[in-house]
Amino acid sequence: MSARPIIVIAGIGNGSGTGGATARVFSKAGYRVALIARGADRLQKAANDINKAGGEAVAFPVESYTYKSLTDVFGTIRTHKWSGTSSTPEIRAAVWNAGAGVWKGFLDVTEEDLQLVVDTNINGAFAFAHQVLQAFKQNEVDELGKRGTLIFTGATASIRGNVTTSAFAAGKFALRALSQSLNKEFGRQNIHVAHAIIDGGILTDLSLSRRTDEAAAKAFKEDANIRLDPESIAKSYLYLANQDRSAWTWELDLRPAHEKW
């Protein structure tokens with residue numbers, strides 16, 4: 001395995017959530033980081049923060065999560081010249097963390113909403129996985145017995161629908177089915193595919209801003225019993241990447257201690 005492999009992460013937001021935390025945790029573990037997301041300015045800031053901390057991260061912005069956009073951006077990643085090496089480092093880990101937040105009553109869901117869900121959870125996820133798996137297949141089996149680890153970020157809606165999640169859950173169900181199918185198909189090729197059910201609220205700038213009640217916002221920020229910490233999710237992802245071939249996890253569910261489930 002290359003001394004400093006690449007992790008590719010799609011879905012970063014403003015860097016305060018799961019995608020950004022995963023980038024930072026894997027960077028500290030010795031990975032180079034390729035970041036894919038919409039919003040070039042925010043993506044570049046996330047990369048800059050990692051670089052300032054001594055890591056190596058590069059922003060690869062996309063306008064959308066369509067099949068073509070994801071396929072094209074991997075072409076750019078493959079030709080990027082990383083510092084300190086004359087050859088292209090191996091892609092050894094990848095995380096599909098892109099989300100499409102459509103929470104509406106069924107009769108209010110529009111065709112545009114559906115297209116967003118399909119692009120994010122099916123078209124984009126398929127394209128991302130296709131490019132990642134092609135890269136993994138070029139790798140030699142490492143000391144853990146694997147060629148790479150591909151992780152999909154799921155949600156409570158991956159396994160359960162609710163009154164405002166007809167569109168959201170449909171996409172997450174599809175993403176979960178994709179991850180399970182890929183796990184079964186590519187495990188025999190020593191490629192590890194995993195799915196993480198994130199069952200609870202995650203502490204991010206956005207989730208905190210939505211809590212207008214001061215006491216509720218303070219509790220959500222300070223009480224780790226009632227919300228997930230993005231860095232803790234990221235450490236769980238690193239744990240998946242470090243599993244050896246004798247005991248691989250396909251599905252991991254994560255929730256705070258006091259979450260009702």
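Every heavy atom of this structure was used, including side-chain atoms; hydrogens, water molecules and symmetry mates were not. Just so you know, residue 1 is the first one in the sequence shown, and it goes up from there. Here the structure is a predicted model, which is why all the values come from computation and not from measurement.
- Summarising the geometry, atom CG belonging to Leu35 is positioned 9.5 Å from atom CD1 belonging to Ile7; distances are rounded to the nearest 0.5 Å.
- Side chain of Thr71 to main chain of Tyr67: a donor-acceptor pair is present (N/O by atom type, distance under 3.5 Å, no hydrogens or angles).
- Side chain to side chain, Ser179 and Trp250 meet the donor-acceptor criterion of an N or O pair below 3.5 Å.
- For the atom pair CG of Asn139 and CD of Gln189, the computed distance is 12.5 Å after rounding to the nearest 0.5 Å.
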(message) With side-chain hydrogen bond (donor to acceptor under 3.5 Å, both in side chains) as the criterion, how do Gln243 and Thr249 come out once you've worked through the C-alpha distance, each side chain's angles and the decisive distance to 0.1 Å?
(response) CA-CA 8 Å; Gln243 286 183 331; Thr249 297; 2.8 Å; yes
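- Between Lys218 and Glu222 there is a salt bridge, since at least one side-chain N of the basic residue sits less than 4.0 Å from a carboxylate O of the acidic one.
- Note that the CG atom of Leu240 and the NE2 atom of His195 stand 11.5 Å from one another [nearest 0.5 Å].
- For the pair Glu259 and Arg227, the salt-bridge criterion is not met [side-chain N within less than 4.0 Å of a carboxylate O].
- Only one option out of Trp248, Tyr237, Phe152 pairs with His192 in a ring-ring contact (aromatic ring centres under 6.0 Å, His included); it is Trp248.
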(request) Go through Arg4 and Glu56 one step at a time and tell me if the salt bridge (Lys or Arg N to Asp or Glu O under 4.0 Å) criterion holds. (result) CA-CA 10 Å; Arg4 294 188 61 208; Glu56 185 178 4; 3.3 Å; yes
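- Taking the side chain as every heavy atom from C-beta outward, Ile9 and Ile36 never approach each other to under 4.5 Å.
- In this structure, Thr79 contributes its side chain and Gly75 its backbone to a donor-acceptor pair below 3.5 Å.
- Using a 4.5 Å cut-off on side-chain heavy atoms (C-beta onward), Val58 and His80 make contact.
- Contact annotation: the side chain of Ile197 never approaches that of Leu252 to less than 4.5 Å [non-hydrogen atoms, C-beta and beyond].
- In this structure, Ser69 contributes its side chain and Tyr65 its backbone to no donor-acceptor pair below 3.5 Å.
- Taken from NZ in Lys235 to CG in Asn242, the straight-line distance is 13.5 Å, to the nearest 0.5 Å.
- Counting heavy atoms from C-beta on, the side chains of Arg210 and Thr204 never come closer than 4.5 Å.
- Both Leu70 and Phe126 belong to a single network of hydrophobic side chains, linked directly or stepwise wherever heavy atoms of I, L, V, M, F, W or Y lie under 4.5 Å apart.
- Of the N and O atoms on the side chains of Thr156 and Asp199, at least one donor lies less than 3.5 Å from an acceptor on the other residue.
- For Thr120 (side chain) and Val117 (main-chain N/O), no donor-acceptor pair under 3.5 Å exists by modelled atom type.
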(request) Let me see the working for Asn162 and Thr165 under side-chain hydrogen bond (donor to acceptor under 3.5 Å, both in side chains), right down to the final yes or no. (result) CA-CA 5 Å; Asn162 213 324; Thr165 64; 5.9 Å; no
(request) Would you check, one step at a time, whether the test side chain to side chain contact (heavy atoms under 4.5 Å, CB included) holds for Phe106 with Val163? (result) CA-CA 8 Å; Phe106 175 74; Val163 293; over 6 Å; no
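- For His130 and Phe74, the ring centers sit 6.0 Å or farther from each other.
- When all heavy atoms are compared, the tightest approach of Leu150 to Phe128 is CD1-CE2, 3.8 Å.
- Between Val95 and Thr153, some side-chain heavy-atom pair lies under the 4.5 Å cut-off.
- Classified by interplanar angle (parallel below 30°, tilted 30° to 60°, perpendicular above 60°), the ring pair Phe168/Trp103 is tilted.
- At distances below 3.5 Å, at least one donor-acceptor pair connects side-chain atoms of Asn183 with backbone N or O atoms of Val193.
- Electrostatic pairing of Arg255 and Asp253 counts as a salt bridge here, judged by a charged N lying under 4.0 Å from a carboxylate O.
- Classification of the Tyr31-Phe26 ring pair by plane angle, with boundaries at 30° and 60°, yields perpendicular.
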(request) Apply salt bridge (Lys or Arg N to Asp or Glu O under 4.0 Å) to the pair Asp142 and Arg92, showing each step before the final yes or no. (result) CA-CA 10 Å; Asp142 67 10; Arg92 282 281 175 172; 3.7 Å; yes
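- Between atom OG1 of residue Thr22 and atom CG of residue Asn97 there is a gap of 6.5 Å, rounded to the nearest 0.5 Å.
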(request) Go through the steps to decide whether Lys68 and Asp72 satisfy the test salt bridge (Lys or Arg N to Asp or Glu O under 4.0 Å), and finish with yes or no. (result) CA-CA 6 Å; Lys68 184 179 187 305; Asp72 289 347; 2.6 Å; yes
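- Counted within 6.0 Å of CZ on Arg78, heavy atoms from surrounding residues, nucleotides or ligands total more than 12; the atom is thus considered enclosed.
- Counting non-hydrogen atoms of neighbouring residues, nucleotides and ligands closer than 6.0 angstrom, the CD atom of Glu231 reaches no more than 12 such neighbours.
- Between the side chain of Lys146 and the main chain of Ala241, a donor-acceptor pair closer than 3.5 Å is present.
- Taking OG from Ser166 and CG from Asp113, the interatomic distance works out to 9.0 Å, rounded to the nearest 0.5 Å.
- Hydrophobic clustering, with ILVMFWY side chains joined whenever heavy atoms are under 4.5 angstrom apart, keeps Ile233 apart from Ile159.
- A cation-pi arrangement is absent between Arg147 and Phe136, since the terminal nitrogen or guanidinium carbon is not both under 6.0 Å from the aromatic centre and inside a 45° cone about the axis.
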(request) Decide yes or no on salt bridge (Lys or Arg N to Asp or Glu O under 4.0 Å) for Asp41 and Lys45, but give the supporting numbers first. (result) CA-CA 6 Å; Asp41 291 343; Lys45 182 181 183 302; over 6 Å; no
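- With no hydrogens or angles considered, no side-chain donor-acceptor pair links Ser181 and Lys184 at under 3.5 Å.
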